[in-house]
Each structure stands twice: as C-alpha cells, then as structure tokens.
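Working notes, structure below.
Since the structure is predicted, the reported quantities are computational estimates derived from the model, not experimental observations. Numbers here simply count residues along the sequence, with the first being 1.
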Amino acid sequence: MSASGTFQGWACSGKDQPLQWQELSLKAFDADTVEMKITHCGICGSDIHTMDSGWGPTDYPCVVGHEITGVVTRVGDNVKGLCAGDRAGVGAQSCSCFQCQMCESHNENLCLKGAVGTYNSRWPNGDKTYGGYADRWRGHQHFVFKLPDNLSNDMAATFFCAGVTTYSPLRRFGVKPGDKVGVIGIGGLGHFAVQWAKAMGADVVAISSSERKREDAQKLGCDDYVVIGDSDGFKKHACSMTHIVCSSFGNAFDWKAMLNLIRPNGYFIMVALPETPLSGIPAGLLAIRQISLVGSAIGSPDMIREMLEFAAQAGVKPWLNTYPMSEAPQAVKAMREGKARYRIILENKPAAM
C-alpha cells in the first residue's frame with residue numbers, strides 16, 4: 001500500500017514512451033478533499049490524445065484516466081454527503097474557481113477561469129492532478145459523486161466522461177418522444193448516445209462507415225442503420241432528423257451529406273474532438289435550414305447527478321471489456337487498435353498489484 005501522501009499509478013513520461021508503474025505525490029489533503037481507493041477506471045480517447053500530446057503539450061509525467069470509481073477512504077472536515085465506505089465516482093473535471101458567472105450559475109464545466117482537469121492540470125495550490133490508472137485518488141468534494149445503489153462500480157465508471165459527454169447535449173437540446181436522432185459512429189461515445197436518445201423516447205438512426213456494426217446497433221436499440229456512402233439510405237432519411245450526434249470524425253468527412261439529413265431548426269452536435277480544425281462546412285446549408293452546429297463540454301455536477309439517476313432508472317449500461325489494472329499497457333494498446341467494444345475498463349483487484 002502507498003504511503004499516506006503518495007499513490008501508485010501508470011505514468012506516461014513522454015510521447016511514444018511506455019507506461020511505467022510509479023509512485024507519485026497525491027494533492028495536499030485539505031478540508032474539502034475526498035480520498036478514494038480506486039476500484040475501476042475507464043480508458044477514454046482523451047487519455048490517448050493526452051499521452052500523445054495530441055491536443056497540445058502534455059505536462060509529463062502524466063497519469064491519465066478520468067472515468068474513476070472507487071470507495072471513499074477519507075474525507076476532509078468540510079465534506080458533506082460523502083463518508084468513508086461510500087462508493088463514489090469522479091469524471092474529467094476535478095475543480096473550478098467557484099466564483100465566476102458560470103460557476104455561480106451551476107455551469108462549473110464552463111468555468112471562465114479554467115476548469116481543473118482530473119489529469120494533466122494543476123490544483124489551485126500548484127499540485128499536479130493525476131488520474132485513475134492508479135490505486136488511489138484525491139480531489140475536491142464538489143466533483144465527487146455518490147453512486148446509485150443499483151449501479152455497480154464497473155458499470156458506473158464510464159458514465160463520468162463518455163456517458164455525460166453524450167447525455168448532456170441531448171438533454172440540453174431537448175431530445176423528446178417523436179424526435180429522430182442520428183448517431184455518427186457506434187463506438188465508446190456513440191453506443192451511449194444511442195441508449196440515451198432511445199431512453200428519452202426518440203427514434204435513432206446509426207450512421208456508420210461500414211456494415212460491421214449493424215448487429216450491435218440493433219442490439220443497442222437503433223431503429224435503422226445507414227452506411228456512409230449509401231446514397232439510397234441517405235435519401236431515405238433526408239431532411240428528417242431533429243438532432244445528429246457526431247461521435248466519430250474522419251478526415252474525409254462529408255459535411256453536406258450529413259447536414260442534409262437534418263430538418264429545419266435541427267442540431268448537429270459535435271462531441272468528437274479531432275486534433276485538427278474543422279473545415280469544409282457548407283454555411284449556406286446551415287443558414288437555409290437554420291441548423292445549429294454546437295459543441296458540448298462534458299457536463300456540470302448537476303448534470304452528472306441527473307445523468308446517474310436517469311441511467312439507474314432507464315437501465316442504460318455501457319458495453320465493457322475489462323482488464324486488470326496491472327495490464328493497463330495492454331489495454332491501452334487494444335484501445336489504440338480499435339478493439340474496444342465499446343469501453344475498456346481497468347479494474348483494481350486486491351491481488352493485482
């Protein structure tokens with residue numbers, strides 16, 4: 001077991017460098033701190049981008065992982081609603097300024113002074129943030145969430161990034177019964193988006209690059225499946241979708257074909273985050289149909305709590321591939337090779353370390 005002020009985790013020391021199991025320092029413990037023994041951590045595409053410095057320079061060494069669940073082991077004097085022994089989780093954000101207009105309006109994920117990321121960021125006192133490919137985690141109580149009784153730790157973990165990233169915009173842009181939602185990419189994000197939209201009462205059309213995932217899409221609840229490049233399929237659904245969630249974005253993205261699926265006053269919701277700028281967007285089509293092209297940043301603490309309750313009631317569950325925490329390098333390799341169906345989860349077992 002790690003010393004009281006340290007943890008052990010899989011650290012990346014630089015781009016193209018292998019993960020190494022190391023002992024590093026936890027943030028300083030204060031009155032608002034929650035400490036957890038990590039049981040599970042999901043592998044997210046954000047982890048890969050960060051280890052590779054794909055979104056900008058990474059502050060190495062970096063321990064990634066921001067889909068974390070575990071058991072609370074210690075709480076500070078100010079902590080309310082959590083105590084030792086509770087099952088809890090944390091997502092991509094671990095702190096904010098708590099004082100700006102966004103924070104005061106319960107939109108802490110949009111903090112004007114900059115949200116503190118669960119990894120590759122800095123706590124207000126200057127300590128580095130480290131993620132969940134590890135045995136322990138410490139963070140601010142405001143961004144730690146008690147798990148519903150009927151959500152197990154492994155099932156709950158990936159809700160904290162992939163889950164809320166897709167739930168939040170669907171809720172914010174008013175998906176309801178009678179709507180028709182297209183989901184581009186049936187993967188880690190897309191398989192959540194399908195389930196959320198169905199649970200909200202919408203018809204769902206999967207939009208995929210090949211026939212390969214048709215059966216999976218049907219099992220997830222999709223009402224139809226369209227392969228990119230199938231002109232008949234695209235004609236069938238032209239000008240009919242209220243929302244499209246884009247969870248997968250390729251270099252040869254056909255904006256005209258995708259936007260042509262959306263009916264007037266519809267939404268194109270971008271949750272994929274490519275490393276290069278968007279280009280080739282037909283402004284005329286946006287204007288003629290009054291299509292809103294929108295982004296979404298994870299979700300606020302209020303949204304995360306709402307999502308967890310909605311998931312527990314609606315029975316939304318991720319499709320998981322589980323690896324022991326001791327095999328994190330192999331799990332990351334599988335993620336890079338596109339082998340996740342549809343989220344990879346790391347599990348700490350008592351005998352694993």
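- Nearest approach of Ala115 to Ser121, heavy atoms of both residues: O-OG, 4.4 Å.
- For the pair Asp223 (side chain) and Val205 (backbone), a donor-acceptor distance under 3.5 Å is absent.
- Ile43 and Tyr323 fall within a single hydrophobic cluster, where Ile, Leu, Val, Met, Phe, Trp and Tyr are joined by side-chain heavy atoms under 4.5 Å apart, directly or via other members.
- A donor-acceptor pair is defined here as one N or O able to donate and one able to accept, closer than 3.5 Å; no such pair exists between the side chain of Glu347 and the backbone of Asp154.
- Side-chain atoms of Asn109 never come within 3.5 Å of backbone atoms of Ile298 as a donor-acceptor pair (strictly under, hydrogens ignored).
- Test Ile68, Thr73, Asp135 against Met36 for side-chain contact (heavy atoms from CB on, under 4.5 Å) and you get one pass: Ile68.
- Within the 3.5 Å criterion, the main-chain N or O of Lys180 finds a donor-acceptor partner in the side chain of Thr242.
- Within 6.0 Å of CG on Asp149 lie no more than 12 heavy atoms contributed by other residues, nucleotides or ligands.
- Looking at heavy atoms from C-beta onward, Gln141 lies out of side-chain contact with Val75 at the 4.5 angstrom threshold.
- Between Glu108 and Ser300 the shortest side-chain heavy-atom distance falls below 4.5 Å.
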Q) What do the steps show when you test Phe234 against Leu261 for side chain to side chain contact (heavy atoms under 4.5 Å, CB included), and what is the final call? A) CA-CA 7 Å; Phe234 272 68; Leu261 296 171; 3.8 Å; yes
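- Salt bridge status for Lys219 with Glu215: present, with a side-chain N to carboxylate O gap under 4.0 Å.
- Nearest approach of Leu147 to Gly89, heavy atoms of both residues: CD2-N, 4.0 Å.
- The shortest side-chain heavy-atom distance between Lys27 and Thr129 does not fall under the 4.5 Å cut-off.
- With Glu67 contributing its side chain and Ala162 its backbone, the two residues share a donor-acceptor pair below 3.5 Å.
- One distance of note links CD1 of Ile207 with NE2 of His237; it measures 8.0 Å at 0.5 Å rounding.
- With contacts defined as side-chain heavy-atom distances shorter than 4.5 Å, the pair Leu259/Pro282 qualifies.
- Cluster membership check: Leu82 shares its hydrophobic cluster with Ile38, using side-chain heavy-atom separations under 4.5 Å among Ile, Leu, Val, Met, Phe, Trp and Tyr.
- Using a 4.5 Å heavy-atom cutoff, the side chains of Leu278 and Met270 are in contact.
- The side-chain heavy atoms of Met51 and Val332, taken from C-beta on, include a pair separated by under 4.5 Å.
- Annotation for Cys95 and His140: closest pair SG-CD2, 4.3 Å, computed over non-hydrogen atoms.
- Pairing each heavy atom of Tyr225 with each of Arg212, the nearest pair is OH-N, 4.1 Å.
- At least one donor-acceptor pair under 3.5 Å links the side chain of Thr58 to the backbone N or O of Thr50.
- Nearest heavy-atom pair across Ala88 and Val144 is CB-CG1, 3.8 Å.
- Under the 3.5 Å distance criterion, the side-chain polar atoms of Thr158 are left unmatched by any main-chain donor or acceptor of Gly42.
- Ring-plane geometry between Trp196 and Tyr167 is classed as perpendicular, the angle between the planes exceeding 60 degrees on a 0 to 90 degree scale with a lower cut at 30.
- Two residues are said to be in side-chain contact when any heavy atoms from C-beta on lie closer than 4.5 Å; Ser13 and Pro18 fail this criterion.
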(Q) Run Tyr119 and Tyr130 through side chain to side chain contact (heavy atoms under 4.5 Å, CB included) and show every step you take. (A) CA-CA 4 Å; Tyr119 58 71; Tyr130 292 108; 5.7 Å; no
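- The line from CZ of Phe253 to OG of Ser279 is 11.0 Å long, rounded to the nearest 0.5 Å.
- Other residues, nucleotides and ligands contribute over 12 non-hydrogen atoms within 6.0 Å of the CD atom of Glu211.
- In this structure, the side chains of Lys128 and Arg122 come closer than 4.5 Å at one or more pairs of heavy atoms.
- Counting all heavy atoms, side chain and backbone alike, Ala272 lies closest to Phe249 at CB-CB, 4.1 Å.
- Using modelled atom types, one finds a donor on one side chain and an acceptor on the other under 3.5 Å when comparing Asn107 with Ser105.
- To the nearest 0.5 Å, the span separating CD on Gln17 from CG on Asp52 amounts to 11.5 Å.
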Q: Evaluate side chain to side chain contact (heavy atoms under 4.5 Å, CB included) for Val64 paired with Asn120, printing each intermediate quantity in order.
A: CA-CA 8 Å; Val64 296; Asn120 196 39; over 6 Å; no
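- Relative orientation of the Phe268 and Trp255 rings is tilted, given thresholds of 30° and 60° on the angle between their planes.
- Cluster membership for Leu151 and Val316, using ILVMFWY side-chain heavy atoms within less than 4.5 angstrom, is shared.
- Between Gln101 atom CD and Leu112 atom CG the span is 7.0 Å, to the nearest 0.5 Å.
- No path of Ile, Leu, Val, Met, Phe, Trp and Tyr side chains, each step under 4.5 Å between heavy atoms, connects Phe98 with Trp123, placing them in separate hydrophobic clusters.
- Atom CE of Met307 is separated from atom OG1 of Thr166 by 8.5 Å, given to the nearest 0.5 angstrom.
- Of the charged side-chain nitrogens involved, none lies within less than 4.0 Å of a carboxylate oxygen, so that Arg138 and Asp127 do not count as a salt-bridged pair.
- Side-chain N or O atoms of His191 include one that pairs as donor or acceptor with a backbone N or O of Trp319 at under 3.5 Å.
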Q: Apply side chain to side chain contact (heavy atoms under 4.5 Å, CB included) to Thr165 and Leu189, showing your working.
A: CA-CA 8 Å; Thr165 293; Leu189 293 174; 4.1 Å; yes
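- Linking ILVMFWY side-chain heavy atoms closer than 4.5 Å, directly or via other members, places Val79 and Phe29 in two distinct hydrophobic clusters.
- Between the side chain of Arg343 and the main chain of Pro318, no donor-acceptor pair closer than 3.5 Å is present.
- Counted within 6.0 Å of CD on Gln330, heavy atoms from surrounding residues, nucleotides or ligands total more than 12; the atom is thus considered enclosed.
- The closest donor-acceptor contact from the side chain of Gln195 to the backbone of Leu220 lies at 3.5 Å or more, if one exists at all.
- Once rounded to the nearest 0.5 Å, the distance linking CZ of Arg136 with CG of Leu26 reads 5.0 Å.
- Ring-centre distance between Phe159 and Phe192: below the 6.0 Å cut-off.
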